[in-house]
Amino acid sequence: MALTAVKGFNDILPEESGRWQHIEQTARRVFELNGFGEIRVPVLEKTELFSRSIGDGTDIVEKEMYTFTDKGENNVTLRPEGTAGVMRAFIEHKLYALDPVSKLYYMGPMFRYERPQKGRYRQFHQIGAEITGVNDPLADAQLLNMLTAFFREIGLDEPTLQINSLGCPECRPAYRSTLRSFLEARIDQLCDDCKRRFVSNPLRTLDCKAQGCIEATAGAPSVLDHLCSGCDSHFSSVRRYLDLSGTPYSINARMVRGLDYYTRTTFEMVTGLLGSQSAVAAGGRYDGLISQLGGPSIPGIGFAMGLERIALLLGAKEFSSQPDLFIATMGAGERDVAFCLMDGLLKSGVRVEMDYEGKSLKSQMRRADKLNARYSVVIGENEVASGRAAFKRMADGLQIDAALTVDAIAPLVRKTV
RNA sequence: GUGGCUAUGGUGAAGCGGUUAACACAUACGACUGUGACUCGUACAUACGAGGGUUCAAAUCCCUCUAGCCACCCCA
């Protein structure tokens, strides 16, 4: 093969793009219903934006970013996630000055240099939403309800919502050291990875899949028992609002996030159908992020969902449309008439196909069938002379006589639902 | 970054050292003399991921590389 796409970068072919559009349109509809407006930000940002927001020690920043120096000697990076860029724009354009509460959504490609596997690619696509300016747990709950609504609308009931609270800079350090002393006593039972995590990120040992670690951490202290009073009441309010609106969820005190900026509420939509890529959507509150990036001290909360993973879950559901009418012609003499008829019908919104290259009637009919046209019509000398033709309903072969005019044809073949 | 598996036409695949690379689907054209889905006929890999080697002879054995998939790490 001469030239191929870059490893981990995929083409979305027409066969699949219908499904993608369905996902995107559903997200737009649900998000806009909730008062979110779309923001479009660049895919390329200064590297510093990501190292400062996501965190220097995270895997994303340490080994997964597409970072390079451009011709002007700027150190730039293809965005590995969406929130940082959106918040940069939020601060840069002082959107907080327009409105104390802003609700934004975005969609587009993200880039991470990882080894591709099922549901994980180097260029992947996310749809995300962010609320800034609200401390109240009401914002957390609305965002979670919106996420739940999206999955309901898209027709997926499989992914389930899990929530947790990670505390804040007040209470997390204390919990972390409590956990560390718990682990210290059992460090021999931990796997090699977790011995490393014990130092770098002890919370991570809680969601390790190794049997020894699961046993060793079975009685580990829970974050939720070590929240400060502010975080504790915030979390219980979030739960109360979810209960009030009947949103199903479960609490997973072992859920950890990969980005440093999360505080308090964190959550994931989890599926069991994608192997180890169980998270279809994930997010959380990031009360310190905006000020960390040089903006005012404004809280925020948001999520991102993975389009590829949702598309995978949607599976083989059919989203392609069918032509209303296929026009077949007997000979070159009728093609002018057919072409004008097609043009007129297209202008009035009827989806029409015709044969472009003067193939045999047999081929044309086969094509009408293959395209799954709802009606077909054959135009020959007789039809041109009489100005009428038989429109064949492909599903059952019924033929209906009608005049060869847009006004007569459009209502006949147009899908009436 | 680590590990495992796999690489034959548009697709799914047979082939396990010996003349024309099976079969199916898809595609194109045709047969049933102006009407699809059934049936039938014809066409369709100078070629077996790339490069090297062994051999009289390789898609079939060996080596290297590359790619894809899956898993780990991590993550949407």
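Every chain is numbered from 1 and lettered A, B, ... according to where its sequence line falls, protein lines coming before strand lines.
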Could you tell me the separation between the OH atom of A:Y106 and the C1' atom of B:A76, rounded to a whole number of Å? 9 Å
Sugar-phosphate, base or nothing in reach of A:Y121, heavy atoms under 4.0 Å: base
Taking the same atom, C1', in B:A37 and in B:A50, what whole-Å distance lies between them? 44 Å
So A:E114, base contact, sugar-phosphate only, or nothing? Heavy-atom distance under 4.0 Å. base
What nucleic acid atoms does A:G119 come within less than 4.0 Å of, heavy atoms only: base, sugar-phosphate, or nothing? base
Taking only the P atom of each, what is the distance from B:U20 to B:C5 in whole angstrom? 35 Å
Spacing of the C1' atoms in B:G18 and B:U60 (rounded, Å): 11 Å
P spacing across the pair B:G4 / B:C65, given as an integer number of angstrom: 14 Å
Is there a side chain to side chain donor-acceptor pair (under 3.5 Å) between A:E130 and A:Y286? Walk through the geometry before answering. CA-CA 10 Å; A:E130 321 278 356; A:Y286 45 84; 2.4 Å; yes
Quickly work out the A:I23 CD1 to B:A76 P distance and round it to whole Å. 18 Å
Between A:R388 and A:D401, is there a side-chain N and carboxylate O pair less than 4.0 Å apart? yes
With a 4.0 Å cut-off on heavy atoms, is A:R367 in touch with a base, just the backbone sugar-phosphate, or nothing at all? nothing
Reading nucleotides 29-34 of chain B from 5' to 3' and marking B where a protein heavy atom lies under 4.0 Å of the base, S where only the sugar-phosphate is that close, and - otherwise, the string is BBBB-B
At under 4.0 Å between heavy atoms, what does A:A368 touch on the DNA or RNA strands: base, sugar-phosphate, or nothing? nothing
Centroid separation A:F9 to A:Y121 less than 6.0 Å: no
Does A:K370 reach a base, just sugar-phosphate, or nothing at all? Heavy atoms under 4.0 Å. sugar-phosphate
Is A:A281 touching bases, backbone alone, or none of the nucleic acid, heavy atoms closer than 4.0 Å? sugar-phosphate
Using the P atom on both, measure B:A22 against B:U46 and round to a whole Å. 12 Å
Whichever of A:G8 and A:R196 has its nearest RNA chain B nucleotide further upstream toward 5': A:G8
Show your reasoning for whether side chain to side chain donor-acceptor pair (under 3.5 Å) applies to A:D136 and A:H234. CA-CA 8 Å; A:D136 199 278; A:H234 185 94; over 6 Å; no
Looking at every strand, decide which applies to A:K118 at a 4.0 Å heavy-atom threshold: base, sugar-phosphate, or nothing. sugar-phosphate
Are any side-chain N or O atoms of A:T266 and backbone N or O atoms of A:Y262, one a donor and one an acceptor, separated by less than 3.5 Å? no
Whole-Å distance separating the CZ atom of A:F9 from the P atom of B:A67: 14 Å
Heavy atoms only, 4.0 Å cut-off, all strands: where does A:G128 land among base, sugar-phosphate and nothing? nothing
Rounded to whole angstroms, how far apart are CG on A:D355 and C1' on B:A28? 13 Å
A:T217 and A:R254: CA distance, side-chain angles, deciding distance, side chain to side chain donor-acceptor pair (under 3.5 Å) verdict: CA-CA 10 Å; A:T217 61; A:R254 291 171 172 250; 3.0 Å; yes
Could you tell me whether the side chain of A:L259 reaches within less than 4.5 Å of the side chain of A:E81, counting heavy atoms only? yes
Taking 4.0 Å as the cut-off, does a side-chain nitrogen or oxygen of A:Q117 come that near to OP1 or OP2 on B:C70? no
Does any part of the side chain of A:S363, heavy atoms only, come nearer than 4.5 Å to the side chain of A:D355, both counted from C-beta? no
Is there a side-chain contact between A:V101 and A:T132 (heavy atoms, below 4.5 Å)? no
Hey, does the side-chain of A:R257 have a donor or acceptor N/O within less than 3.5 Å of a partner on the base of B:C75? no
Check whether any side-chain heavy atom of A:C208 lies under 4.5 Å from a side-chain heavy atom of A:D193, and answer yes or no. no
Nearest-nucleotide 5' precedence on RNA chain B, A:R115 against A:Q399: A:R115
Roughly, in whole Å, what's the span from CD in A:E357 to C1' in B:U27? 14 Å
Can you confirm whether or not the ring centre of A:F36 sits under 6.0 Å from the ring centre of A:Y105? no
For B:U6 versus B:G53, give the span between their P atoms, rounded off to a whole number of Å. 26 Å
Using a heavy-atom cut-off of 4.0 Å across all strands, would you classify A:L313 as base, sugar-phosphate, or nothing? nothing
In whole Å, measure the gap between the P atoms of B:A7 and B:C61 for me. 11 Å
Can you tell me how far C1' of B:U35 sits from CE of A:M394, to the nearest Å? 8 Å
Parallel under 30°, tilted from 30 to 60°, perpendicular over 60°: which one fits the rings of A:F303 and A:F31? perpendicular
Report the distance from atom NZ of A:K63 to atom C1' of B:C74, rounded to the nearest whole Å. 6 Å
Stem list, RNA chain B (Watson-Crick or G-U pairing under 3.5 Å, at least 3 consecutive pairs): B:1-7 with B:66-72, B:10-12 with B:23-25, B:27-31 with B:39-43, B:49-53 with B:61-65
Looking only at side-chain atoms of A:D369, point me to the closest of B:G36, B:A76, B:C74. B:G36
Taking atom C1' of B:A76 as reference, at what distance in whole Å does atom CE of A:M65 sit? 17 Å
On a whole-Å scale, what distance lies between the P atoms belonging to B:U8 and B:A14? 11 Å
